[in-house]
2 protein chains.
Amino acid sequence: MTEIHSDLPHPAKDDLRLETVLFALSDPARLDVVRQLASGPLEMARCHLVDPDIPKSTKSHLMKVLREAGVIRNLPQGRGRVLSIRREELDERFPGLLDAVLNAS
Amino acid sequence: MTEIHSDLPHPAKDDLRLETVLFALSDPARLDVVRQLASGPLEMARCHLVDPDIPKSTKSHLMKVLREAGVIRNLPQGRGRVLSIRREELDERFPGLLDAVLNAS
DNA sequence: GTCATGGTTCGAATTTAGTTGAACCATGAC
DNA sequence: GTCATGGTTCAACTAAATTCGAACCATGAC
């Protein structure tokens, strides 16, 4: 009788707020993470930040802001976690926004 | 590139940074201003904030953040000032971004 | 010139966001 | 079971953004 691993909370699609999404994307480190995830899901351990000396608590917090804004998904897999962009939901809710951000030089 | 005549500094088009623009747009009051300006330039005195009891210094600061991010123009006219979105420059620098933000529900 | 209007700037207080180590938790390997 | 790996959470701290009154500035009306 394995207990279900309590996952991290993700906001529902209809609860996504534009301001919150924009804020999450307004930080260079967070934006860089989103760019890394643009080509597909990535194990968190393989998602490297610009500054390599960032403590794991800081990295975790960074992902939390993106997750709570509804920008990324953070799911457990094995011993670690897998990150991915909530692309379909973002595109439905804010058409063209993610593409515009990712296409920006 | 036409020079902007104003006593307030405006960043050049090539100096606009995506993170800064996103941050400027990530505040509800600032985003509301941009939405008001979407239909055309507006005298600052006719640009009303959500909270009607906002002091003028706060309103001025709000406009400063948008101006310094390169989102809006703030030009003197008569005794007051006229605000407008730097649409062409934003569209050139970050294609689709402003439209996506303005189209978002 | 004076006056009222509209707006900026300064500085200090408040609020919010980011950083970090330590403690803790879950999983897979053994 | 134990251990190492990978990550979250907590609490305390630092840094940054916001707020707002007061002072100031420029213009148009007179």
Side-chain angles (χ1 to χ4, degrees), chain A residues 1-11 17 19-33 36-37 41-69 71-84, chain B residues 4-10 17 19-33 36-37 41-69 71-84:
Chain A
M1 212 62 63
T2 54
E3 276 191 19
I4 296 176
H5 175 265
S6 126
D7 199 6
L8 298 172
H10 291 72
R17 286 181 48 240
E19 296 92 329
T20 310
V21 169
L22 293 175
F23 180 79
L25 297 174
S26 72
D27 176 74
R30 291 193 296 254
L31 189 53
D32 186 66
V33 166
Q36 289 186 48
L37 298 179
L42 205 57
E43 294 172 34
M44 184 162 166
R46 297 186 143 207
C47 181
H48 297 301
L49 304 178
V50 185
D51 182 353
D53 298 329
I54 287 280
K56 55 182 181 177
S57 57
T58 304
K59 185 178 181 183
S60 184
H61 174 70
L62 209 151
M63 301 307 180
K64 183 182 184 183
V65 175
L66 286 169
R67 172 177 52 82
E68 290 182 337
V71 176
I72 69 170
R73 226 175 269 112
N74 185 343
L75 301 177
Q77 187 181 78
R79 273 179 299 186
R81 310 193 70 94
V82 171
L83 307 175
S84 55
Chain B
I4 298 172
H5 178 281
S6 167
D7 54 342
L8 296 174
H10 292 71
R17 286 180 48 239
E19 296 92 330
T20 309
V21 169
L22 293 175
F23 179 79
L25 297 173
S26 72
D27 176 74
R30 291 193 296 256
L31 188 52
D32 185 66
V33 167
Q36 290 185 48
L37 297 180
L42 205 56
E43 294 172 35
M44 186 163 165
R46 312 242 180 279
C47 181
H48 298 300
L49 303 180
V50 185
D51 183 352
D53 298 330
I54 285 281
K56 56 182 181 175
S57 57
T58 304
K59 185 178 180 183
S60 185
H61 174 71
L62 209 152
M63 301 307 179
K64 182 182 184 181
V65 174
L66 286 169
R67 172 177 52 82
E68 289 183 338
V71 175
I72 68 172
R73 228 175 267 111
N74 185 342
L75 302 176
Q77 185 181 76
R79 273 181 298 188
R81 310 194 71 93
V82 171
L83 307 175
S84 56

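These values consider heavy atoms only, across backbone and side chains, with no hydrogens, waters or symmetry-generated copies.
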Where the side chain of [X] meets the backbone of [Y], is there a donor-acceptor pair that is under 3.5 Å apart?
| X | Y | answer |
| --- | --- | --- |
| A:Q36 | A:H48 | yes |
| A:R67 | A:P9 | yes |
| A:S60 | A:S57 | no |
| B:R30 | B:A24 | yes |

Give a yes/no on whether any side-chain N or O of [X] is located under 4.0 angstrom from OP1 or OP2 of [N].
| X | N | answer |
| --- | --- | --- |
| B:R79 | C:dA4 | no |
| A:N74 | D:dG7 | no |
| A:S60 | D:dT8 | yes |
| B:R67 | C:dT8 | no |

*salt bridge (charged side-chain N to carboxylate O under 4.0 Å, His left out) between B:D7 and B:R81: does it pass, once the steps are laid out?*
CA-CA 11 Å; B:D7 54 342; B:R81 310 194 71 93; 2.8 Å; yes
Inset, instruction - Describe the nucleic acid contact of A:M44 in one word from base, sugar-phosphate, nothing, applying a heavy-atom distance below 4.0 Å. - result: sugar-phosphate
Within the 4.0 Å heavy-atom criterion, would you say A:R30 contacts the bases, only the backbone, or no part of the nucleic acid? sugar-phosphate
Between [N] ([atom2]) and [X] ([atom1]): distance, integer Å:
| X | N | atom1 | atom2 | result |
| --- | --- | --- | --- | --- |
| B:K56 | D:dC25 | NZ | C1' | 11 Å |
| B:H61 | C:dG11 | NE2 | P | 15 Å |
| B:E43 | D:dG28 | CD | P | 13 Å |
| A:D7 | D:dG6 | CG | P | 19 Å |
| B:L8 | D:dC25 | CG | P | 15 Å |
| B:D27 | D:dA16 | CG | C1' | 15 Å |
| B:K64 | D:dT18 | NZ | P | 12 Å |
| B:K59 | C:dT5 | NZ | C1' | 13 Å |

Only residue of A:V33, A:L31, A:L25 satisfying side-chain contact (heavy atoms from CB on, under 4.5 Å) with A:V71 is A:L25
Against the side chain of A:R81, the closest entry in C:dG7, D:dG7, C:dG18 is D:dG7
Rounding to the nearest 10°, end axes of the helix from C:dG1-D:dC30 to C:dC30-D:dG1 built from five pairs each make an angle of 30°
Go through the steps for B:D51 and B:K59 under the test salt bridge (charged side-chain N to carboxylate O under 4.0 Å, His left out), then give the verdict. CA-CA 10 Å; B:D51 183 352; B:K59 185 178 180 183; over 6 Å; no
inquiry  = Could you check whether the side chain of B:S57 and the base of D:dG21 have a donor-acceptor pair of N or O atoms closer than 3.5 Å, going by distance alone?
reply    = yes
Comparing A:P55 with A:G78, nearest DNA chain C nucleotide closer to 5' gives the residue A:P55
